[in-house]
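Here is the structure we will look at.
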Amino acid sequence: MPRKPRNYRPCGYYHVINRGVGKKSIFEDEQDYKYFVKLMIEHSAKNDITIYAYCLMKNHFHILLSANGDSLSIFMQHICSLYSMYYNDKYERVGHLFQDRFKSEEVLDESYFMTAFRYIIRNPEKAGICKVAKYRWHSLYLPSSVNKFVNLSLPIKLGGGIDCLKEYVLTPNNDVCMEAENVISDEEATEIILRQFHVKDCKEIMDFSKDEKIKAIKKLSHIGLSQRQIERLTGVTRQQVRTIMKK
């Protein structure tokens, strides 16, 4: 069965992830990281993509960006396919380099934009690799030179200035965002909700009885939907979802 096309807003903000097939490495040396950054620079400019943050890990990457219409899919197709060709040629391998289509979640408010921003930059520290300030392959490392293509104006504005932004990023936290492991995209999550509960619209979950709503949210969490996805797609409030998840 052919895959359904992704549906995007005319203009939106997205947290995007892709990882190596079978969790294998996609970056082996410094040249690999630099080539991927080069692709991001070239194809973000060509496809009207604004990048606010990124982090390249050994076997996956995160990008926070804004895109118009279907430019996100075009951008991701270009950088992933070109990088795969480069990697396969360099390391004399064949086959898919990435696990699947990239995963994305829409960023709908300023609060979550800042949460995603910090989560992406702090990925190396969260993974136990090194402190944020010492990791080379994220967008806050030498931002004035290596990463001058990254637009920090919005994060700086929302963060209250560059010094406040740095303090915000360096503050230990329990942020929860879409992760590279067992990621379910919003498109897949929507299909799961419609299929599991025989509804025509995900927001119908809000009209379930109290007991039915509790069972539905717990089931979606067990399947693998993130708390943010459940809130965003069903319309159930953050407080309600958190209360149910704690029971």
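Across Leu194 and Cys202, no two heavy atoms sit closer than the pair CD2-N, 3.9 Å. The two residues Arg93 and Val21 have their closest heavy-atom pair at NH2-CG1, 4.4 Å. The two residues Ser139 and Val150 have their closest heavy-atom pair at CB-CG2, 3.9 Å. Annotation for Val107 and His15: closest pair CG2-N, 4.0 Å, computed over non-hydrogen atoms.
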* Working for salt bridge (charged side-chain N to carboxylate O under 4.0 Å, His left out), residues Glu28 and Lys90 -> CA-CA 11 Å; Glu28 305 294 345; Lys90 179 178 177 179; over 6 Å; no

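For the side chain to side chain donor-acceptor pair (under 3.5 Å) test, no residue two or more places apart in sequence or in another chain qualifies with Asp201.
In this structure, Tyr135 has its ring center at least 6.0 angstrom away from the ring center of Tyr141. The aromatic ring centres of Phe27 and Tyr83 sit less than 6.0 Å apart.
For Lys200 and Glu204, the salt-bridge test fails: no basic side-chain N is under 4.0 Å from an acidic carboxylate O. We find that Glu42 and Lys46 are not joined by a salt bridge, their nearest charged nitrogen and carboxylate oxygen being 4.0 Å or further apart. Using a 4.0 Å cut-off between charged nitrogen and carboxylate oxygen, Glu125 and Arg122 count as a salt-bridge pair. Salt bridge annotation for Asp32-Lys58: absent, with no cationic side-chain nitrogen under 4.0 angstrom from a carboxylate oxygen.
A cation-pi geometry, defined here as NZ or CZ lying under 6.0 Å from the six-membered ring centre and within 45° of its normal, holds between Arg118 and Tyr168.
Other residues, nucleotides and ligands place more than 12 heavy atoms under 6.0 Å from the CE atom of Met206.
Asn151 and Ser153 share a donor-acceptor pair across their side chains, judged by distance under 3.5 Å alone.
Using bins of under 30°, 30° to 60° and over 60° for the plane-to-plane angle, the ring pair Tyr35/Tyr86 lands in the parallel bin.
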